[in-house]
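Here's the structure we're looking at; comments come further down.
This one's a predicted model, so the numbers in the text were calculated from it and none came from an experiment.
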2 protein chains.
Amino acid sequence: MSAATTARDRARVEITRTIQDTARRHLGEVGPAALSLRAIAREVGMVSSAVYRYFPSRDELLTALITEAYDELGAALEVADAAVPADDVAARLRAVCLALRAWSVAHPHEYALLYGSPVPGYAAPDTTTPAAGRVTGVLMTLAEASERAGHVMAPTVPADPSERDALGGIRALLPLEVSDERLVRWLMAWALLFGHLSLELFGHMHRGILDYDRHFRQVVEQLVRDLGLTGDDA
Amino acid sequence: MSAATTARDRARVEITRTIQDTARRHLGEVGPAALSLRAIAREVGMVSSAVYRYFPSRDELLTALITEAYDELGAALEVADAAVPADDVAARLRAVCLALRAWSVAHPHEYALLYGSPVPGYAAPDTTTPAAGRVTGVLMTLAEASERAGHVMAPTVPADPSERDALGGIRALLPLEVSDERLVRWLMAWALLFGHLSLELFGHMHRGILDYDRHFRQVVEQLVRDLGLTGDDA
DNA sequence: AACAGAAGAGAGCAGTGCTCTTGCTTTCGT
DNA sequence: ACGAAAGCAAGAGCACTGCTCTCTTCTGTT
């Protein structure tokens with residue numbers, strides 16, 4: 001059993017980090033699809049084949065970047081969430097939404113890597129799912145908090161009985177019990193947020209929205225309202 | 001001036017179509033990023049350089065495919081919309097939403113091409129915007145119809161005065177006057193729909209939603225409700 | 001029938017991911 | 001302490017990509 005970290009071990013993790021960092025920089029500059037393993041190797045100062053000692057394939061490198069990005073985003077959301085009184089769910093949602101957009105706008109290529117079209121041959125391995133769950137987990141935690149606080153949502157369509165089964169996957173991941181109706185509304189919030197960001201970052205709002213920041217805040221306000229997080233309802 | 005269509009002209013459009021059709025087939029099979037001009041040429045039965053007589057670059061070919069896809073989707077939505085009584089905006093929205101999802105699920109790669117991360121070096125020229133507008137136009141038409149019908153939306157946050165300017169782009173594209181609040185809600189519907197589809201098609205709902213179809217219908221119902229398209233409000 | 005222009009073929013350039021072989025160095029077990 | 005074993009870097013090479021350039025062939029028009 002040699003748990004001792006040899007010099008080679010240290011060099012390995014260091015070089016691995018160097019590669020991943022340069023990859024990350026390249027990602028931020030040229031985007032996921034244009035990521036070139038050879039270009040990265042060139043900049044790190046080694047020949048392309050040497051990189052394969054550290055990442056068995058370009059996809060593995062992508063996976064590392066994906067996980068890292070998910071974690072970074074998740075952490076940003078958690079920090080934003082924690083910076084606000086825990087019992088003020090409306091404020092927490094606002095903070096999380098703004099943090100989400102701030103990170104996405106600051107890292108559009110990373111956003112595209114996470115939530116854009118999947119890279120062609122690439123199929124995300126299960127390694128990334130926990131990191132990905134960290135992001136959605138923040139929203140789901142808020143959903144639970146809202147349920148616990150007993151917030152009254154805007155007029156909501158009663159969930160079809162079969163909807164309960166349709167939501168089975170999520171429910172298994174949630175510690176707390178949340179009503180179908182509330183779950184649906186929070187899933188809609190989830191889709192709305194990422195839809196908004198995708199449309200904005202991928203250029204589909206270019207001709208329509210003149211002030212992204214302003215409009216986003218309006219949307220978040222409406223979201224807070226629909227979820228019933230403001231004291232006054234209807 | 002020879003406006004007469006010579007045999008060569010006819011051959012040209014025919015071959016152009018053949019290339020585009022093969023490209024379209026490949027697109028449906030391997031996705032946008034993996035589209036290979038050489039592979040297409042190979043299948044059409046000519047050498048790669050010959051294709052450049054018809055499409056000056058791979059990007060031009062992509063542009064053609066994008067425009068085509070937008071048009072196809074737009075047409076599908078228009079057909080679905082027209083198949084329902086014009087004065088029943090709720091029914092029209094339901095039909096459009098279901099048609100949107102049906103097309104997207106049937107053509108995931110085309111969806112990714114249109115609404116996923118933009119292709120690396122590629123910047124969509126203005127040629128595609130009218131076709132793209134056709135899709136969003138369907139939704140905006142419904143928004144106008146709803147305004148005209150005087151539907152009362154679910155409790156809505158009053159729009160900040162500055163929001164009016166933020167929405168300037170859209171408003172310039174809309175023939176009818178629609179209130180800021182209603183516009184915001186319909187833009188949210190737009191973002192929600194494409195967010196939902198992106199999350200679904202790009203695999204982010206994989207662990208959470210067991211019955212996509214069922215869940216989507218529930219979401220659409222809630223959407224109809226929030227937009228105030230059902231007779232009974234709150 | 002002659003000619004100009006369009007179309008196709010092929011070679012070639014620079015780039016990609018990835019594999020395999022060849023040396024070299026560090027580590028580990030005896 | 002030394003030899004074996006494992007790890008690492010480099011280079012050549014394969015199959016592929018988009019794209020350009022040249023050369024030839026073919027074809028529609030006058």
Completion exercise
Separation between CG (A:L192) and CE (B:M188), nearest 0.5 Å, reads 5.0 Å

Problem - Nucleotide nearest A:A50 when distance is taken to its side chain, options C:dT25, D:dG18, D:dA10 - result: D:dA10

Practice task
Determine: side-chain N/O of B:R42 to OP1/OP2 of D:dT17, distance under 4.0 Å, yes or no.
Solution key: yes

Exercise for the section: Over 60° means perpendicular and under 30° means parallel, so classify the ring planes of B:Y115 and B:Y111, tilted if in between. Expected result: tilted

Exercise for the section: Establish whether the base of C:dT27 is bridged to the side chain of A:R8 by a donor-acceptor pair shorter than 3.5 Å. Expected result: no

Practice task
Test for a donor-acceptor pair under 3.5 Å between the base of C:dG17 and the side chain of A:R38, counting only N and O atoms.
Solution key: yes

Exercise for the section: Ignoring backbone atoms, establish whether B:S36 has a side-chain N or O less than 4.0 Å from OP1 or OP2 of D:dG18. Expected result: yes

Handout entry: Nucleotide C:dC28, atom C1' - distance to CG of A:D9 in whole Å
Key = 12 Å

Completion exercise
Regarding the side chain of A:I15, the nearest nucleotide among D:dC19, D:dA9, C:dG8 is D:dA9

Exercise for the section: Take the protein atom CE of A:M46 and the nucleotide atom P of D:dG7, then report the distance between them rounded to whole Å. Expected result: 17 Å

Handout entry: Residues B:E110 and B:W103: side-chain donor-acceptor under 3.5 angstrom
Key = no

Problem - Between D:dG7 (C1') and A:E14 (CD): distance, integer Å - result: 16 Å

Handout entry: Separation of D:dT27 P from B:R12 CZ (nearest whole Å)
Key = 16 Å

Problem - Contact under 4.0 Å: A:Y52 side-chain N or O vs D:dA9 OP1/OP2 - result: no

Exercise for the section: Please confirm whether any donor atom in the side chain of B:S49 sits under 3.5 Å from an acceptor in the base of C:dG8, or the reverse. Expected result: no

Fill in the blank from the handout: Contacts of A:R58 and B:G45 projected onto DNA chain C by closest heavy atom; the upstream (5') one is B:G45

Practice task
Send over the distance from A:L61 CG to C:dT16 C1', rounded to a whole Å.
Solution key: 15 Å

Exercise for the section: Please report the C-alpha distance between A:S117 and B:S117 in whole Å, then the side-chain angles of each, then the deciding distance to 0.1 Å, and finally whether the side-chain hydrogen bond (donor to acceptor under 3.5 Å, both in side chains) criterion is met. Expected result: CA-CA 5 Å; A:S117 13; B:S117 10; 3.0 Å; yes

